[in-house]
Every structure is written in structure tokens, then in C-alpha cells.
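Have a look at the structure below before the remarks.
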Number of protein chains: 2
Amino acid sequence: MPGGDNMKRKIILAVADGIGDRPCEELNGMTPLEFAHTPNMDRYAKDGATGLVDILSPGVPVGTDLGHMILFGFQPDDYPGRGPIEAAGAGIWLMAGDVALRCNFATVDEDLNVVDRRAGRIRKDTSQLAEAINGQEIEGVQILFKEATEHRCVLVLRGHGLSSNISDSDPKIIDGITPSLLSEAMDESDAAVKTARVLNKFILQAHNILKDHPINKKRIAEGLLPANFLLLRGAGQMPELTPISEKYGFKGACVAAEGTVLGVARIAGYDTYTHENLTGNLDTDIEMKARLIKEALKYNEFVAVNVKAPDLMGHDNKPKEKAKAIEMFDHLFDYFLPEDMENTILAVLGDHSTPCERGEHSGDPVPLLLYGSGIRKDRSNRYGELECSHGGNGRIKGTELIQTLFDYMEKTKKQGN
Amino acid sequence: MPGGDNMKRKIILAVADGIGDRPCEELNGMTPLEFAHTPNMDRYAKDGATGLVDILSPGVPVGTDLGHMILFGFQPDDYPGRGPIEAAGAGIWLMAGDVALRCNFATVDEDLNVVDRRAGRIRKDTSQLAEAINGQEIEGVQILFKEATEHRCVLVLRGHGLSSNISDSDPKIIDGITPSLLSEAMDESDAAVKTARVLNKFILQAHNILKDHPINKKRIAEGLLPANFLLLRGAGQMPELTPISEKYGFKGACVAAEGTVLGVARIAGYDTYTHENLTGNLDTDIEMKARLIKEALKYNEFVAVNVKAPDLMGHDNKPKEKAKAIEMFDHLFDYFLPEDMENTILAVLGDHSTPCERGEHSGDPVPLLLYGSGIRKDRSNRYGELECSHGGNGRIKGTELIQTLFDYMEKTKKQGN
């Protein structure tokens, strides 16, 4: 019988962060992906098909957050700003209307001069500091506060009549008190004025609590910088967003180390799988990632995995190390057997290109690999930028690729009749 | 160090006007570009990559003006109409709200019958005639008037409450006075009615001044047709347009012969390089063009050049001459050495296709060639329609190509974070 549930494919979306690159002199004009030894992906390319994906549009660089929004099934306009994504990544469940910001624990002296933007890169005991300032209510606005990795933390304002059109309070300079230690309304609306006012009251209250906190007293005694001030940036207001899992009606999961990616996954309604051994760098436990994917595939129809290391090496302009990171990414597939892949489609691509020569994201399209039963083959023989530029999927946009994958999951709606 | 200014590429955008074509019987089924001997561009294609560009959208023919608007970085909706572009090309600096028109000097008899739409293709002394009627003010509207090439001239109305929704006053027929010797409002708005009325007053005043002008008396004495009337067409109102150079923050330049192209360049905020030896035809001084490009590259990050001849040969249905015009275009690159191209990307394409068989612009995509450091190679071996249709850049839109070039210049903004 045609159709039926056994033809509904499961999807593994494997995101090699920042994988796309340009010819590198150091690699004899090859890209890191072309230079890397990637026997698994090359075999998949031979038995599958390749192409190019413009995550947003040709020549338009995207951040990891927007890139993953699109790869996880959202439309570009759904982007809520960085604050809400980081807050979700730190584990705060967001509601429509919430205004969320990224924060740093910082160090100020008695005159409120910033001594260190990262409080000596504090790593320990931030959860106790966060606990001490979490849960306040100012002018009827509830304030949720949570630690994230190292000196980072997130803050959510919940209440009526808030706006994200407020300035960062993070001066991003080491010394000198500046007026920007507080936030300002960026328009004259009641909502913006109120939000900035509430935020500033909170910043000062938090300072009063933090400066005398036992953890900070202990840090000072140990010769460490106290985490006695908050610097805030990236305000974004959570829109009414239907989680992707709900909108299309499937169960999704995400295996990742990075808070940003996990945050997008949570907003998409996907279960998250993470572990302290997943580091987001070259020392990540790739076998554990593979195991978590296989575990997640038991309960989910769409399983995304992010491997961050290629992007980091691109930012550091290290073509050979980027090639190594890509080889590590390829090892992910050492742990998959043909029977694991039954009725499953593997899509491999980047969330953006991070050319080593630029050390930043670029608008170059990312190479795409599709493999699995039901995928039309093309003439590709390996996975690399050159091969993909002649691949059978042509050059498509990020939202078009995801729609294609959802269609293999049979989660799309026929248009017309 | 990654990134940094040394990775910001400069761009040479070389536009072979109307280069795209269809198979020509006369060329054994080849296109003029495929038939032409173009060793420089073929070498660039081998070391670079090709593709196809739909300047606006597949199957939609565009004019030289809109085509260059898009290639110089504007969005299709920015198009202000032909009048403003020609006025800018003639050297009038436009302000938002200005209504501009293209004009011909024409010859009418005593009964205001049009004797010749081009005043005997007058070439000499038009600047004195223009001077005589320039600078009038009617109903508070300032009227700027300037000669252009041969019998052509431009007119700008500057003042409050103007509209471009008025009819042409150019009947485009040789004999017989028609009501359309004057302009009519095309809607009942005060602005359109006022604009047509001011324009018509000007047309009649100009006629009174021109008919007795010494230059025309001299022309009549020499048996030449007097330039004693103005025919107007292509009214357009200048919108609020941020120059591209300002919007993206770079210095641009344009090397061209044609007023239309120079006009678009000026609206884009680019410096213009032109010379009487640049003719827009087969007899143009291509070495001078190359020299001007190299000169412009010293001071600018984006340098566009237009070579008009391929388009003219397409309009004249002369496939072999079009191939010759393309070979001349290829000679442009004889004057470039590898060191000229360091850290520079060359983009070659047309502003539209002008298939010889049609003798008019068509909606066929134009062949694209990208060459330079940082360009991902593909398997292209030469520059031609067939090869480009398999090129690694796939098939993209004009705005997408330009965004890609701006991204190589590092003038794009990352979306998301």
C-alpha cells in the first residue's frame, strides 16, 4: 500500500556550525571542508545528493541564532532578538510579551566605575548570586534572573506594557563609568520608558544585594574580583510564536552544547539533549553526541544536532584546525549503522559560512548534503563546496530546505486541492 | 589576523550591455558570446566561477536604467522613472520631490505643426539654447533645463506640490499638430493639474524664446531646421533615496559613456568617469576605459564600467557584430595585470539580454562571471551562456548578486546575532 506511516521519514539535521568557507591559501586553494578527510559524508554524498543553501538570502550573513531559527523551522520574521533566545537557552520558559536580555556579571568599584566587564571571568557560584536577585517585582513587573555559562546570565521582565526598545546598559569598555551603565528608553512610549525605569531600579537593587553577598565577600578575601554589578544587552520582546513542533505536529529534539542553539530549540518546542562533556569545541565528546542522537531518534521524528567547533576555528582563522573540526564532525557518522538510518533522512549543512580569511560570518551559501531512502540521487561524489555548487538540489533558501525536510516527514499541507 | 581590512575586497563590476542572447542561426546555433573569441574572460571563468542572473526576475525584460539601478545596489522599488535618471545623467543634481522629464529639441512650423521631432538632429550650440530657457520660475516652481547629447535635453521642475502623473507631450509622429504637444494631468489631483499647467506654460514660453534665438536664426540661414520647440516625455518624481555609497558606507565610481548609466551612477552617489572618446559604440576607446577603471580603483572600493556596443548590435540584429563588440569588451582585460587584481573581485555580466533575433531586451537571464581571490571555484571552463547555465553560482537575482558583492566588500550587516 502506498503512503502509510512507514514512508514518513524521520530527519537527522546535522549542523556543522559555520562550515562553509572560501579557498584557503594554506590549503592549496581548497576550503577546509574540501581539504578534510570525510569518508562518511563523502559516501553519503555519493549515494545521496548535494546542493547549496542560502540560509537567508545570497550575500546576507546571519548569526547562529537566526540561522538556527530558520533551520529549526521558523520564518525569518519570527526572530525575537538575542535576549529571548539566550533566556530560553538558560532555561527560562518565555511567554509572549516578555522582554528578555543577556547579562554579564561585572565588577564595579565604589564609585560605580567598571573594573571588569566579566567579573574576573567568574565561573563558580553564579547560581547562588542569581538566586539572590531572582524573583523581584518592581512596579508590578516580575523579574526572572538566571545564571548561564561562566560570567553570563539572563534576565526576563514579565508584565504588562513592556517594550524592548531600550538601550543596552553594557558600555563594552573596561574603565570609566558612563551614562550607559543604565538603560535608556529609545522612544517616548510609556512602555519603553517604564521598561528602562524598571530595569534601572533592578540594576541598582541587584548591585546593593550583590555587593554585600557572602560569595563576593569570599571572592574579595581570595583576591578575586567580586561579581557586584549587571551589564545588560540585546533586549528582545518575545512575540506570539507557535512552537514548530506544535505548528507542524511532530516531536523534535536537539542535541547541542551551546545555550543559543538550545534556546532556539526550546522556542521551537524541541526536547533538548545536552551534557557537560559536550563542550562546543574540539574536545567535545562526539561519540556521546552520536549516542544522544540515536536515543532521541527513538522518541522524535526530527532530531537536530549542532557541532560548534568548525565555527570557532573559522573565527580564529585556522583552516587546518577547521578541517580537523570537520573531520571530528564526520566521525559522528561512524556510530551510525545502516539499520539506524532506515526510513531516516540525513541532512548535513551549516547555519552560515564562517570563512577563515574573514574570521566572521559571511553571506556565502552553505554546502548541503541529503542522504537517505527517498532522496533523489545526483552526480555528487563527495561533500564539499565545489561539488555542492554543481549538486542536484541547486541553490535554495534555508526555509525551502526545511520545508523539503518537513515534506519528507509528511508534515506539509498540500496547497490547492 | 583574520578579518581586517586586507580581506575587504574591491569590486570591478563590468557590465556588457545587453550581452545575453539566444542561439543564432548565423552563428551555427551559438550565441554571440559563445561565438566570440574571449581569451581573458575564459581564463577568468576557468579560475573563477560562473552562473546566471535574472536582473529582476525570470522572463521579465528590464531597461538599461532599471537594470543599472539594480546592478548599482538599489532595490527595484527605488526606480524613479526615466526622467530623473536622464536629468542626473545630464548633470542636474536632483532633490526629493523634483519632477524630471526627458526632452527633445524639435522643429515646429508657424502653425505649431511638428516638422521634425529632433530639430534636424541638432548637435551644435544646444548649450546656448538651453541656457536661454533655463532658470525660469512659474507659479513658484523653479525650472531647470539642460542640454544632453545631440537633440536631447532634460527638464526638472522643483517646488511644492508637484506630481509626475502627467502625460508625455511628445507625439512621436513627424507631422500634424496634435493635442499632445502639451502635457495633460493624468489624475484630478491638484498636484498633477498644477504640474501639467506649469509645464505647458513653460513649453510655450520656451517656444517664444527659442523661435527668435540667434542660434536658430543662424540655423535657418544655413538651411538647417531650427530647434524651436520642446517635446517632453518620461516624467518621474524623485523619491527620497539614500545614495548607495552612503547607505552601505563605501566609495563607488562608474566609467561609462551613456548618460543613462552615468545618471544612475550619480543617484547612487558614485563618482563618474567619462570622456568624449568613450562613445558607447564599437569605436569606443577601450584602452582608455581600462585606464579609467584602474585610476578609479585607487580611490574607490566599487568601480562599475559599462560597455554599450553589444546592446546596440543586439538591437540591430547583427550577431557577428555583437560578437565583435563582445571581443572588444574582452580586450578591456588586456590591460589588467594580476597585481591590479589583488584583493579585487571582478564580476562580469549584462544589465539585461538583448537577443539579436528580437532586436529588443528580453527576460532571458544574463551570464555571470566571478573571478578573484576568495571566490569559490566551480567547473566552468569559459564564459558563455551554456557554460554559465551549469555554473557554480546557480541562478540568482540581480539584487542577490549585488548583495553578494557587497558582502565581499564587508559592507553587509549580519542578521541576527
Side-chain angles (χ1 to χ4, degrees), chain A residues 20-23 25 29-31 34 51-52 54-70 76 79 81-83 85-86 102 234 236 260 314-318 351-365 367 385-391 394-396, chain B residues 1-9 11 46-54 73 75 248 342-343 345 347 368 370-381 387-417:
Chain A
D21 214 299
R22 295 174 180 170
E25 252 179 68
M30 281 184 274
T31 67
E34 286 163 359
L52 289 179
D54 295 292
I55 297 296
L56 189 59
S57 187
V60 179
V62 299
T64 292
D65 54 359
L66 178 57
H68 280 83
M69 288 281 295
I70 290 169
Y79 181 66
R82 185 65 174 260
I85 290 173
E86 293 299 325
R102 310 169 70 186
T260 310
H315 279 285
D316 287 351
N317 187 17
K318 292 181 175 164
D351 55 338
H352 53 75
S353 291
T354 308
C356 290
E357 62 157 47
R358 180 184 280 196
E360 245 304 338
H361 304 186
S362 77
D364 297 282
E385 283 87 346
L386 190 150
E387 196 81 6
C388 288
S389 77
H390 295 281
R395 184 171 179 172
I396 60 174
Chain B
M1 194 199 126
D5 280 354
N6 60 329
M7 287 299 113
K8 289 183 184 172
R9 303 308 196 296
I11 302 291
K46 211 164 190 155
D47 293 340
T50 69
L52 290 179
V53 176
D54 294 292
Q75 297 301 309
Y248 291 92
E342 242 173 57
N343 232 16
I345 283 171
L368 167 71
L370 292 178
Y371 165 79
S373 75
I375 292 291
R376 292 182 186 165
K377 290 185 186 192
D378 68 2
R379 300 203 174 99
S380 301
N381 281 312
E387 197 80 4
C388 289
S389 74
H390 295 281
N393 285 287
R395 184 169 179 170
I396 59 177
K397 293 209 173 15
T399 50
E400 295 173 335
L401 169 70
I402 299 308
Q403 204 61 28
T404 300
L405 298 178
F406 287 176
D407 192 45
Y408 270 103
M409 295 166 71
E410 306 200 0
K411 295 301 178 185
T412 48
K413 267 194 203 129
K414 185 164 71 172
Q415 302 295 302
N417 206 303

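Note that this is a predicted model, so its numbers are computed, not measured. Heavy atoms only: backbone and side chains are in, while hydrogens, waters and symmetry mates are out. Naming: A, B, ... by sequence-line order, numbering from 1 per chain.
Exactly one of Glu357(A), Arg358(A), Arg22(A) qualifies for a side-chain contact (heavy atoms from CB on, under 4.5 Å) with Met7(B). That residue is Glu357(A).
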Side-chain atoms of residues 56-65 of chain A: list all donor-acceptor pairs with protein atoms under 3.5 Å, sequence neighbours left out, distances to 0.1 Å.
from: Thr64(A); atom 1: OG1; to: Lys308(A); atom 2: NZ; distance (Å): 3.3
from: Thr64(A); atom 1: OG1; to: His352(A); atom 2: NE2; distance (Å): 3.4
from: Asp65(A); atom 1: OD1; to: Asn417(B); atom 2: N; distance (Å): 2.7
from: Asp65(A); atom 1: OD2; to: Tyr79(A); atom 2: OH; distance (Å): 2.5
from: Asp65(A); atom 1: OD2; to: Asn417(B); atom 2: N; distance (Å): 3.2

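For a residue to count as touching a neighbouring chain, one of its non-hydrogen atoms must lie under 4.5 Å from one of that chain's; by this rule Leu405(B) does not touch chain A. Pro365(A) touches chain B through backbone and side chain together, each having a heavy atom under 4.5 Å away. Heavy-atom distances place no part of Thr354(A) under 4.5 Å from chain B, backbone and side chain included.
Heavy atoms from other residues, nucleotides or ligands lying under 6.0 Å from NZ of Lys414(B) number more than 12.
Heavy atoms only, all atoms of each residue included: Ser389(A) and Gly392(B) are closest at CB-O, 3.4 Å. Taking all atoms of both residues into account, the shortest heavy-atom contact from Asp364(A) to Asp407(B) is N-OD2, 4.1 Å.
In terms of heavy-atom pairs under 4.5 Å with chain A, the best-connected choice from Gly391(B), Gly374(B), Gly394(B) is Gly374(B).
At distances below 3.5 Å, at least one donor-acceptor pair connects side-chain atoms of His390(A) with backbone N or O atoms of Arg379(B).
Sorted by first and then second residue, the pairs that involve residues 391-406 of chain B and meet salt bridge (Lys or Arg N to Asp or Glu O under 4.0 Å), not counting sequence neighbours, are Lys397(A)-Glu400(B), Asp54(B)-Arg395(B).
Taking CG of Asn393(B) as the start and CG of Leu52(A) as the end, the distance is 8.5 Å to the nearest 0.5 Å. Note that CE of Met30(A) is 11.0 Å distant from NZ of Lys377(B), once rounded to the nearest 0.5 Å. Annotation: the span from Cys388(A) atom SG to Arg376(B) atom CZ amounts to 9.0 Å, rounded to 0.5 Å.
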